[in-house]
2 protein chains.
Amino acid sequence: MRAQAAYDELLRLLRERAILASVSELLSWDEETMMPRGGAEHRSRQQALLAGLQHERAAAPRLGELIDELEQDASAGEVERANLRLARRMRERAVKTPRALVEESARVTTLSQEAWREARRADDFGRFRPWLEKVLQLKRDEAMALGPSDALYDTLLDEFEPGFTSAQLESLFVPLERELRGLLESLRENPRQTDPSLLRRSVPEQKQRELLLEVLRAAGFRGRLDTAAHPSPLTVGPGDVRITLRFSEGDCSEALLGALHELGHWLYETNLPAAQWGAPAAEALSLGLHESQARLFENVVGRGRAFWTFWLPRIRRAFAPALDGTTLEGILGAVTHVQPSLVRVHADEVTYNLHVLLRYRLERALVEGSLRPAELPAAWNFVSLRSLGLVPRTDNEGCLQDGHWSAGMFGYFPAYARGNAVAAQLFAAAKTARPEIEPQLAEGNFSPLTSWLREHVHSRGTTLPLGQRVQEAAGAPLGIDAYLAYLRERYLSGDAARGPP
Amino acid sequence: MRAQAAYDELLRLLRERAILASVSELLSWDEETMMPRGGAEHRSRQQALLAGLQHERAAAPRLGELIDELEQDASAGEVERANLRLARRMRERAVKTPRALVEESARVTTLSQEAWREARRADDFGRFRPWLEKVLQLKRDEAMALGPSDALYDTLLDEFEPGFTSAQLESLFVPLERELRGLLESLRENPRQTDPSLLRRSVPEQKQRELLLEVLRAAGFRGRLDTAAHPSPLTVGPGDVRITLRFSEGDCSEALLGALHELGHWLYETNLPAAQWGAPAAEALSLGLHESQARLFENVVGRGRAFWTFWLPRIRRAFAPALDGTTLEGILGAVTHVQPSLVRVHADEVTYNLHVLLRYRLERALVEGSLRPAELPAAWNFVSLRSLGLVPRTDNEGCLQDGHWSAGMFGYFPAYARGNAVAAQLFAAAKTARPEIEPQLAEGNFSPLTSWLREHVHSRGTTLPLGQRVQEAAGAPLGIDAYLAYLRERYLSGDAARGPP
């Protein structure tokens, strides 16, 4: 009974911190979608105070006492043990980080995101540079406070993917890059007959919005969808997960594939165990697993034959006359057309990871101090040329294209590559367990897939670390084999009669 | 020097509370405009926690020590003294109110406002009744905690208009009601030739929105304008004051006059001394003074000859063909047409105060316990018949029409009547000081008026109590004479050649 009372008190403390975090999230949503330009200065003070209050709760001595006491309790179940493990980790990080640093980070990143949006409007990195310098310094200070000074990047990485190191990343990235380059080489030698130009047709934003809402609702989505400079999911609370999108009137696939990406995030957040809301074990496991859900819907589903079998006729009608006469083979070719390009969020599946690698190398150099923010545009352009064979014409096409660094998210990008790999593993396992998944997708029914994901991923929260969760769900350790097999199947299997994926 | 350090610490504590309050305000704005229906449950927990954190700061013993210490400081200036006086008042109220009650009030009123919106959709008071009961009980508990048990309503009144009692209200309301009834009687005997039907013409919401934004911008407005069930101003922070409006496609004046009302609130909030933001003396003085600004723009300006001289041709063009052929005399007649009606926010200027009186009497009876929530619809209909000669056909036209009680705002309504009286006093004083005000309004220039108000009202914050502020700005004590003179001038001066106001 004493343990139960202590555990209840622990959950109350953790829940209070989580409520404050959800308030910060609403403020962030407002910043990205609604806040007038003059609002950033005060917003930065609001965010700083909220960050400080969250830090105070995470670092509270009482939290430490309760964790110490409850760790002696042999009767704790799996969820309880996970909550204790995660609470300890949270508290240890908080105790090492000064509250003033946490507040200053929240304040500066709010202003810096506004500066990034302004710099995007002006297509001028120079306006963002002083803010990048400030944010980077704060993240370096944070990493210094948290971990050894010779592993600053690893320390930041650990925030998004607990336990992952850059050594592990290299062991993933080196073979991945080699294989992707091999795949690109094969495609160069034996080009596929795909034509992406039909996606470049113009469709008014309102038509796109209505159609993609129809798709999202068919997959169970119910929530707010708003326009923002940087598409993202924002969890304001259980029952109120919002997504933001960017529309391009000259491209009829960008917002749709973006919507499927955010759908993956939305399903994860929405299907977490709501009854335990506020406990760390009821949160999403990691950003890598989060991105796996997003990339699964964007790519594995959204560029796949089953999805388009059902949706093409509907999209043709909704977008008329833009896609009039488009065949299933034609659209599948277009959405799987492989061609190196400059902007990550528009990249095809095969070259996408090269974008991630580019950012990973640059952000690591920034954090470790071997690259200065002032050098970023030149370094970006150099790496882009070497890696993608292309040089950005403007900052918006280059180092200003992503909002992550303005938000202080150094160490986030690798999550996309890990997400791609995990997505392929999970989808293969799901299809084996439920062979009806693809036939049902081809009839517009997402539920065999979404219910498998809910059962094996979403509803599990963070009771296990990523490796064990993937092992349990996919029946195999975390790796890139399933992903490479998936890419080869979709992009190299030259079965002309069958056509693209 | 010691006093300065103590004063700085005091301001830091007060500012922290104000930042939390501004976060609550953003949450409220989101509730009214953006939040999906499923979001209210979690939102109520966020609001409860934020209310608790504000209470903790207001009741902090350290705040009390600093106030005690600083009140000994003879060198304090007017602003410092006002901050001490207001901080003491805030702390005394907070100390008397249990934190649990404050949190529960915030939680319940969030849910109750959602229930009110639902009840409005269903036009069914029954759905709102259990929530009204809960909110009323909490407000009674709060009044019990704060003041003597035989003056519960006065205690609540004091929250919105410090120092005002129901005895003072009665001494305002009794002669006001008598004079208004006399005025209505005169109008019945000598009817004015006014025709309100041209306002009932249909104008699409988008056209209305564009036009009223043009008007608002001409008056200096820059901020968000969104649609909500209950129009209101929401101060998210300095530089980010938002207003919400309700549009009616079948009425081309409702949203416009509503926009002018919110403009008055917006100007007040926006022109408060921003450099001192977070100090209580830099906040708006009282809700009565706030409403005076709103009612000044909605009525004194918005139903006046000068305003329409400039705007009618523009509105005619923007609303074409709805107002084609409408003359200045015609529109002035329409916007000053006097006729008892059921809904307060659509009421004409003369009968408006009868709506306020109706609510004042009912809410006082509810708070004092002589009227039970279950009896409200019947009581409302009875008082409405006696006071306005009309009985609501549905709850939406009757006791469900206003959102104030669902938000726990018992004691607010009298602020509208006081606001009407103060508006007339201030406008008369402004015109005497700056005779160019009306000629300039007739040329579309709001600034002589807005700059006088900024100088004499807005930028003064709460350095003086209401009576002294009005005395200083208007050169006369708070009273209803200027207001009655204004109404008589506009509604009874039968100068046919001159026509309506």
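Quick note on labels: first sequence line is chain A, next is B, and so on, each numbered from 1. All heavy atoms count here, side chains included; hydrogens, waters and symmetry mates do not.
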Who in [range] is close to chain A, using a strict under-4.5 Å heavy-atom cut-off?
range                       : answer
residues 261-283 of chain B : B/W277
residues 11-30 of chain B   : B/E16, B/I19, B/L20, B/S22, B/V23, B/L26, B/L27, B/W29, B/D30
residues 213-227 of chain B : B/R224

To the nearest 0.5 Å, what is the distance between CZ on A/R242 and CE on B/M35? 8.0 Å
Residue A/R209 excluded, over 12 heavy atoms near CZ under 6.0 Å: yes
Note: vs chain B, highest number of non-hydrogen pairs under 4.5 angstrom among A/A40, A/P36, A/G39 is A/P36
Can you name the closest pair of heavy atoms from B/G237 and A/H42 and give their distance? CA-CD2, 3.4 Å
Under a 4.5 Å heavy-atom criterion, the part of residues 99-114 of chain A in contact with chain B comprises none
Taking the side chain as every heavy atom from C-beta outward, state whether B/R43 and A/D240 have any atom pair closer than 4.5 Å. yes
